[in-house]
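Contents: one structure, followed by commentary.
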Amino acid sequence: MIKLTFPDGTIQEFAKTGDYTRITVEPSQESGKLIIKTNISLVDVHEVWYNSLVPGPEKRNLPWVMEAVSGAQKNFPFVTAFNTAGVNRGAFATTNLQDDTLIRFEVNQEFGTYEITCTIALSNETKEFDIVLDCRNIQWQEALTDWRKSLALPAYNYPAATRDPVYCTWYAVHGAVTQEFIEKTCPIAKELGFTTLIVDDGWCYDDMKRVSPQTITNWYEMIGDWNVSTKKFPTFKEHVKKIQAMGMKYMVWVAPHLWGFKSDLYNNNPGMTNNTPIEGYDKMDVNKADFAPLIKKLRNLAKDNNLDGLKIDFIDIVPPNVDEPNGRATEKLVKELTGGLKEDNPDALIEFRQSYATPVMLKYGTQFRAGDVPFNWISNFGRIVELRLAIGNLGPVHADPAYWPFGETSENVARHMMAMLAGVPMLSMDLTRLTDTEKKIIRYYIDLYNNHRELINHGEWHFIFGWSDIEAAIVENDNSRLVIIADAGKAAECLKNDGKPTTVCNLSDKAIKVKCENAVDAECNAADGNEIPVAGSALIK
């Protein structure tokens, strides 16, 4: 049984229809909470997944209570329970992507079930939507894909540059970014194959600082006014032209929700924040603040300096909340800001971060980046995979910028680069300090990405999970296949003897025994054709 209780107290009950139940909800124009209750059996259930929860060893449990919160600005309303073979045993979802939603799974020990309670904060703008209870005996990834397809999202047209490798300044220099650093770095980035630049946080204040436990306490105190630091960028417009003349797109970082305590924006607009101070800033109250002046300022920033786009950060900083909904107000801000940017420049590049890289945001952003994972190539791989689970191939999926400590081994440098091949590569090293070997590895894998660009961005992806987290990612089309293997024990399962040319990247800590062509080792030197070395790659036909 599926029971719906509407804001006015009206109750509707629906019987489950076999192993797949889909109910259409026609809400009244009355705002308030819709409560949906149902359950699934715990027979052969070993794990639960929702967006922002990559399957892995620490997730291999059945939580007594699990909550998945979503809204227009964060995550999406889909939860699935499955077994160790990845077979779906019960997925609950709605097609309402805008309203703040809380899906709660609670173990009923007496009856051996997960009791499901879904609370949706309806608004007077809520349109008809569906509730789905999917208990089909299929892979959980297939259940997710079917739900995504049921949204019937249009095919959005993204600028060609959204598939180009990106160089970002963030990890390389943090808030110590300068015009001089960029002009020394970009020629190297271009030579290595990067054709988009993101100037991250640091361009709009004079302080030269790096992230540390000491500096983070008031890091964002100057954020909010969005004026270029003339100390760091004395000739900003001319500088932008210079970088663009090299053949690179130029983007800068902004965070409209962050109002620093030392900014004019914060001090001239009392009562417009949530009164939840942290790290030198307060969060904009999207239900109170006047967006117009801020949107105008950001549009002018891009237009007046002929920027190619903006990295719009922290859209999800105010999380969905069914008691105090803010999803629709956040979406309004995002819609007006991105709409204005695209009106000024139809090819504007707009980067969104992972937790708000969701189906509802596909029409606003143009590229969707994995969450921050400096130094951690395996987590970068996992987060890119999670992004693909969330949006499939509906939008450009970008890696978090690869960043490793100087003195890192060649094997791990290669792993950083090949892990990013599940999406569009991004890098954030101080390129002026790289060794020749590091440059060789970077150039090799950027070339490999470009040679497989169509396959990576538009091929059919499949992922293998296990007790060791993400174990392999496979993408293929009619002509070729790319396999990224994190667990060498999965090689036999991944490598088909069907004659289709298959490029294999070995992220694991063991050589993969297989007859291959064009094999290279971690430093991209030719290797034995009877195995793929640790942190090496090869072609199999």
Side-chain angles (χ1 to χ4, degrees), residues 165 191-193 377-378 380-382 384-385 399 402 404 408-425 427 434-466 468-541:
E191 177 62 27
L192 292 173
W377 55 267
I378 191 63
N380 204 3
F381 183 42
I384 300 167
V385 166
W404 54 85
E408 184 59 278
T409 66
S410 296
E411 287 81 4
N412 287 330
V413 172
R415 284 182 169 115
H416 275 285
M417 294 304 301
M418 66 175 69
M420 295 192 295
L421 294 180
V424 178
L427 186 69
L434 292 178
T435 66
D436 289 343
T437 297
E438 287 173 307
K439 290 179 181 178
K440 180 179 180 182
I441 295 169
I442 292 167
R443 180 78 243 192
Y444 179 87
Y445 283 102
I446 293 301
D447 287 346
L448 188 61
Y449 166 78
N450 283 325
N451 290 337
H452 293 81
R453 177 187 295 241
E454 179 67 21
L455 172 65
I456 290 169
N457 287 290
H458 302 291
E460 181 179 346
W461 282 91
H462 174 67
F463 308 108
I464 299 174
F465 296 98
S468 59
D469 207 342
I470 174 67
E471 296 182 336
I474 304 164
V475 61
E476 58 186 314
N477 57 24
D478 292 340
N479 304 311
S480 60
R481 181 185 297 118
L482 171 69
V483 179
I484 306 171
I485 299 177
D487 182 345
K490 294 294 181 179
E493 182 178 344
C494 295
L495 304 179
K496 302 176 183 179
N497 186 22
D498 60 1
K500 181 181 288 188
T502 300
T503 299
V504 182
C505 293
N506 184 9
L507 283 176
S508 80
D509 58 1
K510 297 180 178 64
I512 297 173
K513 303 293 184 180
V514 61
K515 188 171 181 58
C516 52
E517 302 177 14
N518 302 327
V520 299
D521 62 18
E523 295 187 356
C524 306
N525 299 314
D528 185 345
N530 292 311
E531 68 175 25
I532 305 173
V534 172
S537 63
L539 176 66
I540 300 172
K541 291 185 177 179

Quick check: does any side chain N or O of Asp436 sit under 3.5 Å from a backbone N or O of Lys440, one acting as donor and the other as acceptor? no

Closest non-hydrogen contact found for Ile470 with Ala486 is O-CB, 3.6 Å

Measure across Leu455 and Arg481 and return the closest heavy-atom pair with its distance rounded to 0.1 Å. CD2-C, 3.8 Å

Any side-chain donor paired with an acceptor under 3.5 Å for Thr437 and Glu523? no

Using only atom types and a distance under 3.5 Å, with no angle test, would you say the side chain of His458 pairs donor to acceptor with the backbone of Glu454? no

Salt bridge or not between Asp447 and Arg443? Use side-chain N to carboxylate O under 4.0 Å. yes

Which value, rounded to the nearest 0.5 Å, describes the distance between Ile456 atom CD1 and Ile384 atom CD1? 10.0 Å

Nearest 0.5 Å, what's the CE-CG distance between Met420 and Leu448? 11.5 Å

How close do Pro501 and Asn479 get, heavy atom to heavy atom, and via which atoms? CD-O, 3.5 Å

CE of Met418 to CD1 of Ile441, rounded to nearest 0.5 Å, is 9.0 Å

Chi angles and distances behind the side-chain contact (heavy atoms from CB on, under 4.5 Å) call for Glu191, Ile442: CA-CA 10 Å; Glu191 177 62 27; Ile442 292 167; over 6 Å; no

Taking side-chain contact (heavy atoms from CB on, under 4.5 Å) as the criterion, tell me which of Pro425, Cys524, Pro165 meets it with Tyr445. Cys524

Can you name the residues that form a side-chain contact (heavy atoms from CB on, under 4.5 Å) with Lys490, not counting sequence neighbours? Ile464, Glu471, Asp487, Glu493, Cys494

Min side-chain heavy-atom separation Arg415-Asn412 under 4.5 Å: yes

Do Leu192 and Leu434 make a side-chain contact, defined as non-hydrogen atoms from C-beta onward lying under 4.5 Å apart? yes

Can you name the closest pair of heavy atoms from Cys505 and Leu482 and give their distance? SG-CD1, 4.4 Å

Looking at Val385 and Phe465, what are the two nearest heavy atoms and their distance? CG1-CZ, 3.9 Å

Nearest-0.5 Å distance, CG of residue Leu507 to CD1 of residue Ile512: 9.0 Å

Here the gap from Lys496 atom NZ to Ile474 atom CD1, rounded to the nearest 0.5 Å, amounts to 7.0 Å

Check step by step if side-chain contact (heavy atoms from CB on, under 4.5 Å) holds for Ser480 and Thr503. CA-CA 8 Å; Ser480 60; Thr503 299; over 6 Å; no

Do the ring planes of Trp461 and Phe463 sit parallel (below 30°), tilted (30 to 60°) or perpendicular (above 60°)? parallel

Check whether any side-chain N or O of Thr502 sits under 3.5 Å from a backbone N or O of Lys500 as a donor-acceptor pair, and report yes or no. yes

Got a second to check how far Glu411's CD is from Trp377's CH2, nearest 0.5 Å? 11.5 Å

Given 3.5 Å as the limit, does a donor-acceptor pair link the side chain of Asn457 with the main chain of Arg453, or not? yes

Can you confirm whether more than 12 heavy atoms, excluding those of Asn497, are under 6.0 Å from its CG atom? no

Can you give each donor-acceptor pair under 3.5 Å made by side-chain atoms of residues 528-541, sequence neighbours left out, with the distance rounded to 0.1 Å?
residue, atom, partner, partner atom, Å
Asp528, OD1, Asn530, N, 2.9
Asp528, OD1, Asn530, ND2, 3.3
Glu531, OE1, Lys513, NZ, 2.6
Ser537, OG, Tyr444, OH, 3.4

